[in-house]
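Here is the structure we will look at, set down as structure tokens.
Every heavy atom of this structure was used, including side-chain atoms; hydrogens, water molecules and symmetry mates were not. Naming: A, B, ... by sequence-line order, numbering from 1 per chain. Since the model is a prediction, treat every value here as computed from it, not as a measurement.
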There are 2 protein chains.
Amino acid sequence: MDLKLAHEEFERGITHTGFHYTMSLIKRKYKLGIIYCLMMNGPTRYNELKRRLEAATFRSLTNSLKELEADGLISRKEYSQISPKVEYDLTEKGKSMTPFLELLCDWGCEHMPKEK
Amino acid sequence: MDLKLAHEEFERGITHTGFHYTMSLIKRKYKLGIIYCLMMNGPTRYNELKRRLEAATFRSLTNSLKELEADGLISRKEYSQISPKVEYDLTEKGKSMTPFLELLCDWGCEHMPKEK
DNA sequence: CAGCATCCCAGAAGATACTG
DNA sequence: CAGTATCTTCTGGGATGCTG
């Protein structure tokens with residue numbers, strides 16, 4: 001699979017607004033989850049991410065990570081050592097998304113149904 | 001189709017964080033677009049919404065509107081007159097989401113690729 | 001005008017097995 | 001450990017036609 005830019009469709013599209021651009025970057029199910037996780041925990045290894053995002057499978061996770069990296073939101077750092085170690089972290093661009101992600105979380109906490 | 005709460009899966013789920021709650025509400029493709037549109041233009045009629053969200057079909061639009069209403073983010077007001085008129089608008093809950101939506105747009109404008 | 005019903009399809013995700 | 005490959009499943013959306 002070649003490195004696909006998640007926003008390439010956006011590029012070809014007609015509506016070049018900031019809104020659509022942001023949406024194109026976070027469309028996949030677990031992308032925001034990944035960013036959220038990195039925001040809370042700092043650099044994180046592949047398997048650790050997998051563990052935190054229980055629901056995601058390796059495949060979904062890998063796809064999301066690749067696109068996020070291609071879009072410059074996260075960085076991938078590989079340590080060459082016997083048992084492979086790869087850490088993912090937010091880039092500056094990724095970090096710049098955290099205020100809005102925090103707002104998203106706060107909003108959810110305030111408005112989620114109380115008891116059930 | 002019965003009125004489905006978009007976040008009902010969330011309710012049954014295990015991860016009851018604000019983050020997941022918000023995500024469950026805005027998952028569908030055009031939901032944020034609708035809120036965005038209502039935020040910019042105030043009360044809007046069904047066909048007007050359809051026109052502004054060019055890409056969406058009636059079906060997608062209707063589904064999104066129903067869930068948004070069920071989740072209390074928008075209101076539906078029906079005027080009984082010969083040629084039917086229905087206006088959608090943001091509820092207080094919906095309005096409270098606008099800051100975060102604005103942030104999303106601003107972020108996109110700042111970070112979207114310059115020329116192409 | 002504001003929908004609903006039906007059929008179809010694509011893309012994303014789940015499950016599972018394998019590898020440098 | 002950090003993936004890749006393959007197959008299947010399923011949700012959401014596109015297209016079209018009908019209706020109170």
With a 4.0 Å limit, can you tell me whether [X] has a side-chain N or O closer than that to the phosphate oxygens OP1/OP2 of [N]?
| X | N | result |
| --- | --- | --- |
| Lys66(B) | dC4(C) | yes |
| Arg59(A) | dG11(C) | no |
| Lys50(B) | dG3(C) | no |
| Ser83(B) | dA2(C) | no |
| Arg45(B) | dA2(C) | yes |
| Tyr46(B) | dC4(C) | no |
| Tyr88(A) | dC1(D) | no |
| Arg28(A) | dA13(C) | yes |

Between [X] ([atom1]) and [N] ([atom2]), how many Å, whole number?
| X | N | atom1 | atom2 | answer |
| --- | --- | --- | --- | --- |
| Asn63(A) | dA5(D) | CG | C1' | 12 Å |
| Leu61(A) | dG3(D) | CG | P | 9 Å |
| Lys85(A) | dG3(D) | NZ | C1' | 17 Å |
| Glu54(B) | dA15(D) | CD | C1' | 17 Å |
| Ile82(B) | dT19(D) | CD1 | P | 20 Å |
| Glu87(A) | dC1(D) | CD | C1' | 13 Å |
| Glu48(B) | dC1(C) | CD | P | 12 Å |
| Lys27(B) | dA13(C) | NZ | C1' | 12 Å |

Pair Glu48(B) + Arg51(B): basic N to acidic O under 4.0 Å: yes
Exam field: side chain Lys85(A) to backbone Tyr46(A), donor-acceptor pair closer than 3.5 Å: no
Whether Thr91(B) side chain and Gly72(B) backbone form a donor-acceptor pair below 3.5 Å: yes
Contact nearer the 5' end of DNA chain C, comparing Ala55(A) with Pro84(A): Ala55(A)
Joint hydrophobic cluster, Phe58(A) plus Tyr30(A), side-chain heavy atoms closer than 4.5 Å: no
Nucleotide nearest Val86(B) when distance is taken to its side chain, options dG3(C), dA13(C), dA2(D): dG3(C)
Side chain to side chain contact (heavy atoms under 4.5 Å, CB included), paired with Leu104(A), selected from Thr22(B), Leu104(B), Leu103(B): Thr22(B)
Whichever of Phe58(B) and Ser64(B) has its nearest DNA chain D nucleotide further upstream toward 5': Ser64(B)
Sugar-phosphate, base or nothing in reach of Tyr79(B), heavy atoms under 4.0 Å: nothing
